[in-house]
Amino acid sequence: MYDNVLLPTDGSVGVDRATDHAIDAADRYDATLHVLYVVDSDVINAYSGDEFVDGAEGAEETLEEAGREALDAVAQRAGDAGVETVTDLRYGVPHEEILRYVDEADVDLTVMGSKTRSGDYRRMLGSVTERVSRQSTGPVSIVKTTVEA
């Protein structure tokens with residue numbers, strides 16, 4: 001049923017349960033697990049920089065390092081489960097890059113984590129998961145995790 005399963009990750013607590021589900025789906029269907037981390041260009045562009053900060057310590061490098069660590073952690077877990085994994089790190093607007101990847105990699109199922117937070121906090125922030133689920137042409141499985149606000 002599925003040949004390519006996508007797990008977008010930001011390395012946060014809310015993705016842990018989604019990781020388990022994505023690995024399980026890939027294992028059940030003998031599918032390739034694609035793990036994607038998007039370095040958010042809006043965050044990088046919002047960083048004004050500081051002439052007293054070494055370039056290797058800027059927002060872009062920090063986010064890229066966090067992304068590589070998140071990708072490696074999921075790939076390790078998937079490898080331990082015997083699941084073939086492809087990882088990719090991209091730059092851009094997260095939901096747009098995820099949707100682009102879905103089309104490019106011929107993804108059959110996208111598994112995403114969603115952090116359940118209080119209503120006021122939720123209204124302040126947009127949801128990448130929500131945008132992907134509304135705009136994706138393929139099935140999206142949303143795995144909820146409760147996170148304290």
Side-chain angles (χ1 to χ4, degrees), residues 1-47 56 58-149:
M1 178 175 242
Y2 303 123
D3 294 320
N4 294 296
V5 174
L6 172 62
L7 174 72
T9 183
D10 62 3
S12 70
V13 173
V15 178
D16 287 346
R17 290 189 63 225
T19 299
D20 293 338
H21 284 263
I23 290 170
D24 182 62
D27 185 44
R28 283 179 195 250
Y29 293 102
D30 196 28
T32 299
L33 177 62
H34 296 255
V35 187
L36 175 65
Y37 183 95
V38 180
V39 176
D40 191 337
S41 59
D42 289 342
V43 172
I44 293 169
N45 294 335
Y47 177 69
E60 183 174 351
E61 291 80 8
T62 301
L63 291 172
E64 184 175 317
E65 182 179 334
R68 295 205 186 284
E69 289 174 4
L71 292 170
D72 290 345
V74 175
Q76 178 67 47
R77 286 173 65 182
D80 291 347
V83 172
E84 179 184 349
T85 307
V86 173
T87 62
D88 195 1
L89 185 139
R90 295 186 174 195
Y91 290 81
V93 178
H95 75 277
E96 293 174 0
E97 289 302 318
I98 293 166
L99 292 166
R100 186 173 292 117
Y101 192 94
V102 165
D103 291 337
E104 290 173 3
D106 197 27
V107 169
D108 304 301
L109 172 66
T110 302
V111 179
M112 299 188 72
S114 178
K115 299 173 209 81
T116 303
R117 294 192 167 115
S118 67
D120 289 339
Y121 184 81
R122 187 65 171 175
R123 281 191 291 273
M124 286 190 324
L125 297 177
S127 170
V128 172
T129 299
E130 181 180 358
R131 289 180 186 127
V132 170
S133 68
R134 288 178 191 247
Q135 297 176 29
S136 182
T137 57
V140 177
S141 177
I142 300 172
V143 182
K144 295 183 180 182
T145 299
T146 301
V147 177
E148 296 297 321

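In this text the structure is predicted, and so the values were computed from the model without any measurement.
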Identify the heavy atoms of Ile98 and Pro8 that sit nearest to each other, and give their distance. CD1-CB, 3.6 Å
Evaluate the side-chain contact (heavy atoms from CB on, under 4.5 Å) criterion for residues Thr137 and Leu99: first the C-alpha distance (whole Å), next the side-chain angles of each, then the deciding distance (0.1 Å), finally the verdict. CA-CA 9 Å; Thr137 57; Leu99 292 166; over 6 Å; no
Is Arg100 salt-bridged to Glu96, going by a charged N under 4.0 Å from an acidic O? no
Where Ala78 and Thr85 come nearest, the two heavy atoms and their spacing: CB-OG1, 3.2 Å
Measure the spacing between CG of Asp40 and CZ of Arg90 and express it to the nearest 0.5 Å. 15.0 Å
Walk me through it: do Leu6 and Val102 pass the test side-chain contact (heavy atoms from CB on, under 4.5 Å)? CA-CA 7 Å; Leu6 172 62; Val102 165; 3.7 Å; yes
Side chains of Asn4 and His34: any donor to acceptor distance under 3.5 Å? yes
Would you check, one step at a time, whether the test side-chain contact (heavy atoms from CB on, under 4.5 Å) holds for Val128 with Met112? CA-CA 9 Å; Val128 172; Met112 299 188 72; 4.1 Å; yes
After noting the C-alpha distance and the side-chain angles of Val15 and Asp10, does the key distance pass the side-chain contact (heavy atoms from CB on, under 4.5 Å) rule? CA-CA 7 Å; Val15 178; Asp10 62 3; 3.3 Å; yes
Arg68 vs Asp72, salt bridge (charged side-chain N to carboxylate O under 4.0 Å, His left out): CA-CA, chis, key distance, verdict: CA-CA 6 Å; Arg68 295 205 186 284; Asp72 290 345; over 6 Å; no
Working to the nearest 0.5 angstrom, can you tell me the gap between Leu7 CG and Thr110 OG1? 9.5 Å
Rounded to the nearest 0.5 Å, how far apart are OH of Tyr29 and CG of Leu109? 8.5 Å
Are any non-hydrogen side-chain atoms of Val38 and Tyr91 less than 4.5 angstrom apart? no
Between Leu36 and Thr9, is there a side-chain heavy-atom distance shorter than 4.5 Å? no
Which heavy atom in Asp88 sits nearest to a heavy atom in Leu71, and how many Å separate them? O-CD1, 3.6 Å
Roughly how far apart are Leu33 CG and Asp27 CG, rounded to 0.5 Å? 10.5 Å
Heavy-atom closest pair (Leu89 atom, Glu64 atom, distance to 0.1 Å) is CD1-O, 3.7 Å
Nearest 0.5 Å, please: how far is CD in Glu97 from OH in Tyr37? 13.5 Å
Does Asp20 have more than 12 heavy atoms from other residues, nucleotides or ligands lying within 6.0 Å of its CG? yes
Separation between OG of Ser136 and CZ of Arg131, rounded to the nearest 0.5 Å: 15.0 Å
Distance-minimising heavy-atom pair for Asp16 and Arg77: O-NH2, 3.9 Å
Indicate the atoms forming the closest heavy-atom contact of Ala81 with Ile23, along with that distance. CB-CG2, 3.7 Å
For Gly113, does its backbone N or O pair with a side-chain atom of Thr129 as donor and acceptor, under 3.5 Å? yes
Student check: side-chain heavy atoms of Val5 and Val111 closer than 4.5 Å: yes
